[in-house]
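The structure appears right after this line, and notes come after that.
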Amino acid sequence: MERTNKLLFNAASGCRNGKYEEDSIVRMAARTERARTLLDGLNPEQREAVITTEGPLLVLAGAGSGKTRVICHRLAYILAAGFCGPRNVIAVTFTNKAAGEMKERVSRLTGLDVRSLWVSTFHSAAVRMLRAAGNLVGVKRDFTIYDEGDSEALVKRIIKDRGWDPREEKPRHYAELISRAKDDALDPDDWLEKTFLHRAVAEKIYEVYREYEKRLARAGALDFGSLLLRAVKLLRHPEGKRRFGERFQYVMVDEYQDTNAVQYEMVRLLAAAHGNVCVVGDDDQAIYEWRGANRANILAFEKTFPKAKVITLTRNYRSTQGILDAASHLIGNNTRLREKKLRAERGSGSVPRLIRARNEYDEAEQVVRAIRTNLKAGAAKKDHAVFYRVHALSRVLEEVLSASGIEYQLLRGVSFYQRAEIKDVVAYLKLLVNPDDDGSFLRICNKPARGFGAKTLERLVAAATERNLSLMAYLRKCGEDRENRPAQRKKEAAFVEMLDELQSLLKKESVSIVVREVLERTRYLELYDQNDPEDLQRFENVREFLSAAQDFEESADEPTLAAFLERITLATDADDYDPSADRVVLSTLHAAKGLEFRHVFIVGCEEGLLPHGRALGEEADAEMEEERRLAYVGMTRAKDTLTMSYAFERRMYGQIQARTRSRFLSEAGIDDTSDWGGTERETRSFFVGRTPATLSGSRDTGIVGCGVLSEGDSVRHHRFGTGVVLYVAESGDENEVVQIRFKNKVKNLMTKFAHLTRV
DNA sequence: AACGAGCGGTTTTTT
DNA sequence: ACCGCTCGTT
Ligand SMILES: Nc1ncnc2c1ncn2[C@@H]1O[C@H](COP(=O)(O)OP(=O)(O)OP(=O)(O)O)[C@@H](O)[C@H]1O
């Protein structure tokens, strides 16, 4: 209690920081009033969390209990009460999107200018600190950020240089291990000491890890792990401590259960001077242990900060009791260290529903039918979300939704920025910002061909490595030393000159103009053929990239190329979510974290999918529990209705597989009887032998069955687009084949599999 | 340099 | 089933 309410204390004494001020009491009173209104709309426990501004605070509470609301209001309260200015607070969220929303909410709640407030992900915060003061810890101002793909490409080069076969020594695998090592703050030597892998294997990885670090440094690049590690180093540096440790007087972290060892250390260092740190989270929602997150961080918070106060919230404002009960039953199957009770404030509501389907198409059609029923009853498209364990399941849902004319937004699977042509353009841009970035150099130097063939590059890399120079630095400095080959030298010089010219544009031109010039002068687009439909898509993607650059320069605080590249590499799936767009949301369970929808569907509730196959082993108890938490997260996103579904058969890895229902369904008390009434065996026999095209529901989605089409009909196919029927074979038969002329080619398709719709 | 056959990995989740 | 990469061929 002594330290609980700083506001009361200040108001009573009319004193802050030990100094009396003439009109301070009056101003304090006004502030007090404003701050007080921020307690409206909070329950007593939430209020207590908000006014406990000083010292370490842990809010450990179940799903939908208002943790995020606490953080927002607490932040606003601190500012409104005038305990410090916006620039003295740092808040960390899980996605950039969540950061943006929090900032906006705080701005609305306080009416203050929040531009100097730091609300971001750990990674973005690290980048910001390193751009400002990275030189203190050996980070160049213009460092490049390597994403997973860049790291893997680097590892692959290292493996090849060693003369190893990348099919044996899988770069993926190595990159993964290196990344995990960094999550645990282990450098190559630490890692070698700690690893349980066989000596011979471990030493190979060690060797690659060391070389990887060396080349990252030479390229002036940081991967995701190093970003955080360097930030920690910076926060330990006396000057860094002064600049950031003292600046941030209040530290807040949302979703604390999914922080890793390095992020934990960042939090500890940021709070070291004053201990004003508030973390909120729910250990039952920890779903990122696979990438190095450590639930122990939240469970041991009181050990890290011995004077910590702990507040639990037990009222769930999101879901109805029926949904909450199912979710609680499910999570009750985990061994839990901190059991959390939750009561639904919204009353009993409906019981979760189960959909059983013959196959993935039937599943999607039933889900879409349910959505359509809700729409007819007045619900909006954006009130609906469909979640799945793996992105691969989105395909069929997309097809059926489009066929039904229901707009949807996909929290993207293969990120737009991961596409080859986009990565190429980005590589050119990265090279302009940081010419030492060998990864980018190698990626684009011969796209289109300009004299950097395999042989030439081999020689070049060897020569540069020998001198410990980046490729570009080598071309600049030592181009002359090399014997003869005047034609070759001329080509290299032309390349360097082209990049120099582009680089000179950086200072005077906007991002989109630079991108345009890069495309123009590098003649990158000449790689592609206007008549090839796949290439056409590439042109389209590049155009979209250009418009993303335009949007960026119009909206960003700091519209530099470096900032644009940062935004691109640190973007997350969830960042795409536009809650105001009236569209059904399709998302993985992971990207669903923190969101909420009136109607939630979880598809693919099958053994091997949810729980995922990797969690099924005898010794995979920890993984199984994480899968269960993942299902828990998904279920607790639902406000009004929750529908889970599974299919008896599903096409996976190109083969039709028989599936069995997820154990999580019975664990959650969601049973067979709730929908069909029959036993599983009866249902299965009912479905077997029916083709998707003849199943009920097909009519509704507009997918045409056999015997319907004739010559001249216009149809749409999910992949080939629209086309005209040229010929129908075995019309009406189950094996009917239609020949269709699409834009670029003629295809023969079996009607029952093609899922065509009329246009 | 440009093409195609053959292979291997993919569909775990992502900062 | 599908993609992208590699390697061999032209
Ligand atoms: N005191 C309250 N009164 C009414 N509604 C509330 C209250 N606190 C929170 N809510 C609402 O409850 C819902 C869940 O809140 P919030 O997202 O903050 O919970 P959370 O604990 O962060 O959830 P999760 O961990 O599941 O993501 C939101 O719609 C929020 O507006």
Side-chain angles (χ1 to χ4, degrees), chain A residues 92-99 120-127 145-149 151-153 156 160 165-168 170-173 176 179-180 182-183 222-228 231 255 258-260 262-263 286-293 360 387-396 411-415 417-420 423 446-455 527 529 534 566 568-575 587-593 604 608-616 620 623 626-627 629-631 633-634 650-657 719 753:
Chain A
V92 180
T93 58
F94 204 71
T95 63
N96 299 300
K97 188 98 208 165
S120 68
T121 61
F122 278 106
H123 289 84
S124 299
V127 169
I145 302 170
Y146 271 17
D147 67 16
E148 250 168 6
S151 298
E152 198 182 313
K156 189 172 182 181
K160 279 188 172 170
D165 181 357
R167 275 169 308 196
E168 297 287 319
K170 301 193 181 84
R172 254 292 163 80
H173 183 224
E176 181 81 19
S179 173
R180 288 296 80 74
K182 292 190 174 194
D183 289 337
L222 297 178
D223 59 16
F224 289 141
S226 314
L227 281 177
L228 300 179
E255 308 280 10
D258 278 320
T259 50
N260 67 28
V262 185
Q263 293 166 333
I287 55 175
Y288 284 96
E289 289 198 325
W290 56 270
R291 70 165 204 220
E360 67 270 34
F387 301 139
Y388 33 79
R389 178 63 233 266
V390 297
H391 279 302
L393 298 199
S394 75
R395 204 347 139 67
V396 182
L411 304 200
R412 70 188 139 179
V414 184
S415 165
Y417 297 108
Q418 303 290 346
R419 289 168 213 218
K423 290 216 77 169
N446 216 29
K447 284 182 191 172
R450 49 171 82 88
F452 290 95
K455 278 270 156 53
L527 232 45
D529 174 4
E534 279 185 18
E566 241 158 72
I568 287 169
T569 26
L570 296 181
T572 73
D573 281 9
D575 291 340
S587 159
T588 62
L589 287 159
H590 282 88
K593 174 152 110 164
L609 216 40
L610 181 66
H612 190 268
R614 295 233 179 155
L616 293 180
E623 284 86 347
E626 182 150 304
E627 294 293 311
R629 291 194 293 269
L630 191 55
V633 167
R650 185 181 296 279
R651 189 173 213 108
M652 292 178 82
Y653 302 99
Q655 254 154 357
I656 292 173
Q657 291 177 9
R719 276 189 45 232
F753 293 128

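Sequence lines set the chain letters: A, B, ... in the order given, protein chains first and strands last, and positions in each chain run from 1. Every value quoted in this text rests on a predicted model; they were computed, and no experiment measured them. What's counted below: heavy atoms across the whole structure, side chains too, no hydrogens, waters or symmetry copies.
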Check: Does the side-chain ring of A/Tyr288 sit on the six-membered ring of the B/dT13 base, less than 5.5 Å centre to centre and under 30° in tilt?
Finding: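 Not stacked by the 5.5 Å and 30° rule.
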Report the residues that fulfil salt bridge (charged side-chain N to carboxylate O under 4.0 Å, His left out) with [X], sequence neighbours left out, ordered by chain and then residue number.
X: A/Lys447; answer: A/Asp424
X: A/Glu152; answer: A/Arg172
X: A/Glu566; answer: A/Arg131

Given atom [atom1] of [X] and atom [atom2] of [N], what is their separation to the nearest angstrom?
X: A/Tyr417; N: B/dT14; atom1: OH; atom2: P; answer: 17 Å
X: A/His391; N: B/dT13; atom1: NE2; atom2: P; answer: 5 Å
X: A/Glu626; N: B/dT12; atom1: CD; atom2: C1'; answer: 10 Å
X: A/Arg650; N: C/dA1; atom1: CZ; atom2: P; answer: 17 Å
X: A/Leu527; N: B/dA2; atom1: CG; atom2: P; answer: 8 Å
X: A/Gln657; N: B/dT11; atom1: CD; atom2: P; answer: 15 Å
X: A/Leu630; N: B/dT14; atom1: CG; atom2: C1'; answer: 13 Å
X: A/Ile287; N: B/dT14; atom1: CD1; atom2: P; answer: 9 Å

Margin query: Looking only at the side chain of A/Ala449 (C-beta and beyond, no hydrogens), which of the listed nucleotides B/dT12, B/dA1, C/dC5 gets closest?
Written below: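 Per side-chain heavy atoms of A/Ala449, the pick is B/dA1.
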So does [X] get a side-chain nitrogen or oxygen closer than 4.0 Å to the phosphate oxygens (OP1/OP2) of [N]?
X: A/Thr588; N: B/dT12; answer: no
X: A/Lys423; N: C/dG4; answer: no
X: A/Lys447; N: B/dA1; answer: no
X: A/His590; N: B/dT13; answer: no

Next item on the list: For A/Val390 and for A/Thr121, find the nucleotide of DNA chain B with the closest heavy atom, then tell me which residue's nucleotide is more 5'.
Entry: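 The residue whose closest nucleotide sits nearer the 5' end is A/Val390.
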Margin query: I'd like to check the side-chain contact (heavy atoms from CB on, under 4.5 Å) partners of A/Arg180; sequence neighbours left out, ordered by chain and number.
Written below: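 By the side-chain contact (heavy atoms from CB on, under 4.5 Å) rule, A/Arg180 matches A/Glu176, A/Asp183, A/Arg291.
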Item checked: Residues forming a side-chain contact (heavy atoms from CB on, under 4.5 Å) with A/Gln263, sequence neighbours excluded ->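 By the side-chain contact (heavy atoms from CB on, under 4.5 Å) rule, A/Gln263 matches A/Phe122, A/His123, A/Leu228, A/Thr259, A/Asn260.
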Note to self: Taking donor-acceptor contacts at under 3.5 Å, does the side chain of A/Arg291 reach the base of B/dT13?
What the structure shows: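 Counting by modelled atom types and ignoring angles, no donor-acceptor contact under 3.5 Å is found here.
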Item checked: side-chain hydrogen bond (donor to acceptor under 3.5 Å, both in side chains) evaluation trace for A/Asn96 with A/Ser124 -> CA-CA 8 Å; A/Asn96 299 300; A/Ser124 299; 3.2 Å; yes
Next item on the list: Taking the six-membered ring of A/Tyr417 (Phe, Tyr or Trp), confirm whether the NZ or CZ of A/Lys423 is under 6.0 Å from its centre and within 45° of its axis.
Entry: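 Cation-pi check for A/Lys423 and A/Tyr417: fails.
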Can you give me the N/O atom pairs linking the protein to nucleotides 3-10 of chain B at distances under 3.5 Å, or say none if there are none?
unit_1 : atom_1 : unit_2   : atom_2 : d
B/dT10 : OP1    : A/Arg172 : NH1    : 3.3

